[in-house]
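The shown structure was predicted, so the numbers you read here are calculated from the model rather than taken from an experiment. All values below were derived from every heavy atom in this structure, side-chain atoms included, with hydrogens, water molecules and symmetry-related copies excluded.
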Amino acid sequence: MTIEKLRPNPLIEQMEPPAGSESLRPEPESLIERKGARVDVLRRLVDRSVLSAGRFTREEVVELCRLAALLESIEISPYRPLAGKLVLTAFFEASTRTRLSFESAVLRLDGGVISIPDGKLTGVKKGESLEDIGEMFNAYGDLIVMRHTETDSLDRLRKNLRIPLINAGNGSGEHPTQALADWYALIKWRPELTETGAAAGAGLHLGILGTPGSMRAVKSFLLMALLFREHIERVTVVSEMADPFGVDLQQPTERAGIPFQVTNDVRRVLPALDVIYMNSIAFLGDSYRKLDARFKLDADSPLKPEAVILHPLARLDELDPGLDHTPHNLYWSQAHGAVFIRQALLMSIFNRVDRLPDNAPVE
């Protein structure tokens with residue numbers, strides 16, 4: 001599969017690392033050349049809400065990543081895939097990357113956006129219920145992207161909602177499209193993650209610096225990791241808590257058949273880790289708190305030479321900027337790729353994959 005005859009995406013140059021930096025920017029073409037995106041799999045997502053990372057299948061994640069790699073490689077805007085579609089981004093909790101990347105994804109596909117950047121600007125300020133807001137949203141747009149401080153917000157909004165809903169973070173619940181961005185970065189880095197059976201290759205030792213049960217991005221990352229269990233040799237969770245998983249992860253991790261271990265000695269396990277996923281910010285109750293903040297990485301940390309670091313951002317002092325220009329840095333690629341994986345998801349939900357160029361590598 002090649003894309004040589006299609007116009008390249010002008011954003012590629014903007015996302016290149018600065019001069020002298022060794023930070024990783026895996027090329028999307030290596031993912032496309034293995035196999036084109038399968039439209040029949042992507043059609044399973046038509047009109048579907050996205051509430052949890054655990055509700056995807058491995059096949060759906062792989063095909064979304066292949067479509068995202070195509071969208072990252074070519075200039076898609078002339079084909080106007082989302083023309084006539086209107087997306088509501090309703091953020092009742094602060095956001096930089098998630099809200100802007102969704103809005104960028106929609107606008108670059110020629111869709112329209114109505115944004116609520118702050119819940120205090122809505123009728124909630126006057127006591128309006130999410131149930132009533134959901135009824136109103138049916139008339140105002142074709143899809144909702146919502147972030148909310150309360151974990152049960154999705155259930156309340158959906159009581160009267162009849163259009164698809166994408167969960168952009170619900171309290172301490174989940175952040176499934178962040179997990180898609182995470183695994184898109186990893187799959188570009190290691191395209192063999194798309195393979196099964198004998199072609200799967202050696203397993204990765206996955207390290208999580210954080211508390212999955214209390215951190216929604218970490219929770220969703222781990223739930224999606226279970227889909228790729230064939231490629232994971234071991235998972236080590238570095239946390240201050242004796243049981244960092246919580247009730248949502250108890251059964252899925254037990255069923256996965258992957259060896260898990262929990263430790264609070266970060267320097268002892270770092271030399272063994274291939275992938276390090278880290279975060280320290282958790283939304284608990286009604287405010288942000290720092291958990292596991294004493295587990296820090298910097299240029300002197302004893303990392304494997306080929307190990308990569310992922311971080312959903314925003315970071316505080318747990319991830320030192322001294323790592324930004326090193327080959328361990330996969331987190332900038334992770335953040336940049338979020339636009340394209342969200343474009344792939346939106347095109348699939350809206351059944352607009354057929355708007356791709358005629359010679360695009362799809363099956």
Side-chain angles (χ1 to χ4, degrees), residues 23-24 53 97 169 172-175 178-179 181-183 185-186 189-190 203-226 228 231-246 248-250 252-253 256 258-284 288-324 326-335 338:
S23 61
L24 295 180
R97 280 153 297 279
S172 60
E174 277 205 56
H175 194 351
Q178 177 62 54
D182 303 337
W183 281 91
L186 285 176
W189 171 62
R190 291 283 183 90
L204 298 171
H205 188 169
L206 189 65
I208 294 175
L209 275 60
T211 302
S214 302
M215 297 173 174
R216 63 191 178 209
V218 182
K219 183 188 299 182
S220 290
F221 172 78
L222 181 53
L223 283 171
M224 196 162 283
L226 301 182
F228 295 88
H231 296 271
I232 298 173
E233 179 182 297
R234 176 176 295 274
V235 176
T236 297
V237 179
V238 183
S239 174
E240 297 167 344
M241 303 176 69
D243 178 15
F245 296 104
D248 293 340
L249 292 170
Q250 194 68 44
T253 53
I258 302 170
F260 279 82
Q261 64 183 28
V262 179
T263 182
N264 61 9
D265 189 347
V266 65
R267 293 189 71 84
R268 183 179 66 81
V269 300
L270 277 180
L273 301 179
D274 300 302
V275 178
I276 301 154
Y277 193 92
M278 64 185 311
N279 196 12
S280 71
I281 303 174
F283 194 92
L284 298 175
Y288 294 98
R289 302 180 197 174
K290 290 179 67 176
L291 298 180
D292 306 303
R294 67 187 179 92
F295 303 130
K296 304 178 189 297
L297 294 184
D298 58 36
D300 295 323
S301 297
L303 300 169
K304 244 186 189 181
E306 65 275 19
V308 295
I309 301 167
L310 293 173
H311 194 304
L313 305 174
R315 65 173 163 190
L316 301 178
D317 60 352
E318 75 280 357
L319 178 59
D320 191 272
L323 285 160
D324 289 357
T326 72
H328 301 299
N329 174 4
L330 193 59
Y331 43 88
W332 289 154
S333 178
Q334 172 192 7

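- Residues Phe221 and Leu186 form a side-chain contact, since some pair of their non-hydrogen atoms from C-beta on lies under 4.5 Å apart.
- Partners of Pro321 according to the side-chain contact (heavy atoms from CB on, under 4.5 Å) rule, which considers only residues two or more places apart in sequence or in another chain, are Arg315, Asp324.
- Atom CD1 of Ile258 and atom CZ of Arg234 lie 11.0 Å apart (nearest 0.5 Å).
- Within the model, atoms CD1 of Ile309 and CG of Leu273 stand 10.5 Å from one another, a figure rounded to the nearest 0.5 Å.
- With sequence neighbours left out, His328 forms a side-chain hydrogen bond (donor to acceptor under 3.5 Å, both in side chains) with no residue at all.
- For the residue pair Asn264 and Ser239, the shortest heavy atom distance occurs at CB-O, 3.5 Å.
- The shortest distance between side-chain heavy atoms of Leu319 and Met278 falls below 4.5 Å.
- Between Lys304 and Asp274 there is a side-chain heavy-atom pair separated by less than 4.5 Å.
- The side-chain hydrogen bond (donor to acceptor under 3.5 Å, both in side chains) search around Thr253 returns none, not counting sequence neighbours.
- Legend: residues meeting side-chain hydrogen bond (donor to acceptor under 3.5 Å, both in side chains) with Glu174, ordered by chain and number and at least two apart, are Ser52, Ser220.
- Here the side chains of Leu323 and Asn329 are not in contact, with every heavy-atom distance at 4.5 Å or above.
- Remark: Tyr331 engages no residue in a ring-ring contact (aromatic ring centres under 6.0 Å, His included) (not counting sequence neighbours).
- Ion pairing of Lys296 with Asp317 is present here, as a side-chain N (NZ or NE/NH1/NH2) and a carboxylate O approach within less than 4.0 Å.
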Using the side chain to side chain donor-acceptor pair (under 3.5 Å) rule, take Gln334 and Asp182 through it: C-alpha gap first, then chi angles, then the decisive distance, then the call.
CA-CA 6 Å; Gln334 172 192 7; Asp182 303 337; 2.7 Å; yes
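- For residues 296-316, no residue pair satisfies the ring-ring contact (aromatic ring centres under 6.0 Å, His included) rule, not counting sequence neighbours.
- Within the 3.5 Å criterion, the main-chain N or O of Asp265 finds a donor-acceptor partner in the side chain of Thr263.
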